[in-house]
K.L.:
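Before I ask anything, here is the structure I am working with.
Every chain is numbered from 1 and lettered A, B, ... according to where its sequence line falls, protein lines coming before strand lines. These figures come from a predicted structure and were not determined experimentally.
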2 protein chains.
Amino acid sequence: MAFKQDLNDQFARMGKVLGSGRRLELLDYLAQGARSVDALASVSGLSIANTSQHLQKMQQAGLVCAERQGKQIFYALADDEVITLMAVLHGLAERHLAEVREMVSLHLTARDSLAPVSVDELLARAQSGLVTILDVRPPEEYAAGHVPGAVNISPAHLHEQIARLDAGREVIAYCRGPYCTFSFEAVAALRAQGFTAHRLESGFPEWKQAGHPVEYEQNQQV
Amino acid sequence: MAFKQDLNDQFARMGKVLGSGRRLELLDYLAQGARSVDALASVSGLSIANTSQHLQKMQQAGLVCAERQGKQIFYALADDEVITLMAVLHGLAERHLAEVREMVSLHLTARDSLAPVSVDELLARAQSGLVTILDVRPPEEYAAGHVPGAVNISPAHLHEQIARLDAGREVIAYCRGPYCTFSFEAVAALRAQGFTAHRLESGFPEWKQAGHPVEYEQNQQV
DNA sequence: TCATCATTCAATCACATCGTTGAATGACTG
DNA sequence: CAGTCATTCAACGATGTGATTGAATGATGA
């Protein structure tokens, strides 16, 4: 049945694109919102030409789309399902690749104060009122639902806006899920500035699914 | 942040495996249940050595697992989420790759009686009692829920069991979803035997999600 | 213990992919 | 209409991949 093979070859076009760590990293950044080529190049550390070529591959595979704005070209995810795709991939990798489990436990849960905070711990500390909850997802996702009382600063603006946080309060940061690395970066940046900061062990999807309260109004925006 | 790159490289190991149409086809077959290497080789048309190598790659990437039974080695999906992964991939490809839409509409919806039947049509014809509903999924999935009154024959056994179907009744076949190609093959085989046969345009997941009745007992087994 | 047979390995070829380089495009802006 | 600047193209070398071949492995079952 040649048709079946041709169809799977088409699906494989999309699969091929997922076979490069650099492209997956670019998709991570694009999940935060549309970005220009050189913004992506500088944030990922790739050369501009290389970034451009990866983006074009992803565009041909239908994972991202491009739009010109002024002299720049902004790339964005073609579809929110791309995030789902990556989440499923992350889950499978976590369960079946020993290396992933190892890396995560070594780098993220291990020693001292970098250990992540559980949801129960977050609830307990939140009731004490002495903790700032930081939502490190893009504003659109924050607006679509977030942990009550959480402050939203997207990773791109963290460095500018870090001064607005109360340096005397502990910060607990979360993002899209346990493999969304933005909360790691936020914690690292905060700690570099002298904050006491921790990651939430899971992310907003897990919070919501566990039946915890969700706030929708875009208040608390810093 | 080297950790982030290493993590994405691990995810990419899994992604790479999705970058070959042959491997996706093998995953399609494995979604029907565990299979030995040479069973997979003969059903896919690949050489045995080639099949073995693809399976080993998928095993290293954590998508499938292997178990010896007697002198044969049976491979199976490592996780049901692999099916989810493929479903998401199919959906994205359908929406964003013009070639996929074209191929599907050309080969599957176009001319004459190959056109698929909608869920509403199925319901209408089922009430008339003149139609045989054929579930072409593996027995385990059939047992976990199926369209009421549907007969279950897995694709591997269709040729042997086709004679048991009532040749005077129209057959409507469905499988796992619109891109699960087993129902295409079933319809082709049935039509080759002189049956009036059609595909359901969607699959069981869509049926269930639409709120239609689901039957659980493993009756009607042919 | 030995013969059998399903599976895997090793070596090879053609071909695709990744990243780099420097030049070319082409759409805004003055 | 010409300069500018973000992006893309084209060509290159190193490396990786897919498929084929024939030989090797190794667990089974007599």
K.L.:
Is any NZ, NE, NH1 or NH2 atom of the basic residue among B/Glu94 and B/Arg101 found under 4.0 Å from an Asp or Glu carboxylate oxygen of the other?
P.N.:
no

K.L.:
Just compare D/dT21, C/dC18, D/dT8 and give me whichever is closest to any side-chain atom of A/Ile48.
P.N.:
D/dT8

K.L.:
Of the nucleotides C/dG19, D/dG18, D/dG22, which has the atom closest to the B/Ala49 side chain?
P.N.:
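The listed nucleotide nearest to B/Ala49's side chain is D/dG22.
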
K.L.:
What integer distance in Å separates A/Asp9:CG from C/dA16:C1'?
P.N.:
14 Å

K.L.:
Measure the distance from CD on A/Gln53 to C1' on C/dA23 and round it to the nearest whole Å.
P.N.:
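The distance from CD of A/Gln53 to C1' of C/dA23 comes to 14 Å, rounded to the nearest Å.
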
K.L.:
Quick one: which of D/dT7, C/dT8, D/dT20 gets closest to the side chain of A/Asp38?
P.N.:
D/dT7

K.L.:
Looking only at side-chain atoms of A/Arg68, point me to the closest of C/dT17, D/dT7, C/dC28.
P.N.:
C/dC28

K.L.:
What's the closest nucleotide to the side chain of B/His54 if the choices are D/dG18, C/dC18, D/dT28?
P.N.:
D/dG18

K.L.:
Rounded to whole angstrom units, what separation is found between the CG atom of B/Leu55 and the P atom of C/dC9?
P.N.:
12 Å

K.L.:
Judged by each residue's nearest nucleotide on DNA chain C, which is more toward the 5′ side, A/Ser20 or B/Gln59?
P.N.:
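Per heavy-atom nearest nucleotide, the more 5' residue is B/Gln59.
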
K.L.:
Could you work out which one of C/dT8, C/dG19, D/dC5 sits closest to the side chain of A/Arg22?
P.N.:
C/dG19

K.L.:
Picking from C/dT7, C/dC28, C/dC9, which would you name as closest to the side chain of B/Ser52?
P.N.:
C/dT7

K.L.:
Is the distance from the ring center of A/His90 to that of B/Phe11 below 6.0 Å?
P.N.:
yes

K.L.:
Classify B/Gln56 by what it touches in the nucleic acid, base, sugar-phosphate, or nothing, heavy-atom distance under 4.0 Å.
P.N.:
sugar-phosphate

K.L.:
Could you check whether A/Thr51 and A/His54, counting side-chain N and O atoms only, form a donor-acceptor pair closer than 3.5 Å?
P.N.:
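Checked: A/His54/A/Thr51 side chains show no N/O donor-acceptor pair below 3.5 Å.
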
K.L.:
How about A/Asn152 and A/His146: do any of their side-chain heavy atoms sit closer than 4.5 Å?
P.N.:
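Contact flag for A/Asn152/A/His146 side chains = no.
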
K.L.:
Select from B/Gly70 and A/Ile73 the residue whose nearest nucleotide in DNA chain D is closer to the 5' end of that strand.
P.N.:
A/Ile73

K.L.:
Can you identify which nucleotide, out of D/dG18, C/dT8, C/dT20, has its nearest atom closest to the B/Tyr75 side chain?
P.N.:
C/dT8

K.L.:
Does A/Asn50 put a side-chain nitrogen or oxygen below 4.0 Å from OP1 or OP2 of C/dT20?
P.N.:
yes

K.L.:
To the nearest Å, give me how far apart NZ (B/Lys57) and P (C/dT7) are.
P.N.:
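These atoms are roughly 20 Å apart.
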
K.L.:
Output yes when at least one side-chain N/O atom of A/Ser47 is less than 4.0 Å from OP1 or OP2 of C/dG19, else no.
P.N.:
no

K.L.:
Anything under 3.5 Å between a donor and an acceptor, one on a side chain of residues 58-67 of chain A, the other on a protein residue two or more places apart or in another chain? List them.
P.N.:
none

K.L.:
When you get a sec, tell me which of C/dA6, D/dC9, C/dT8 is the closest nucleotide to the side chain of B/Gln72?
P.N.:
C/dA6

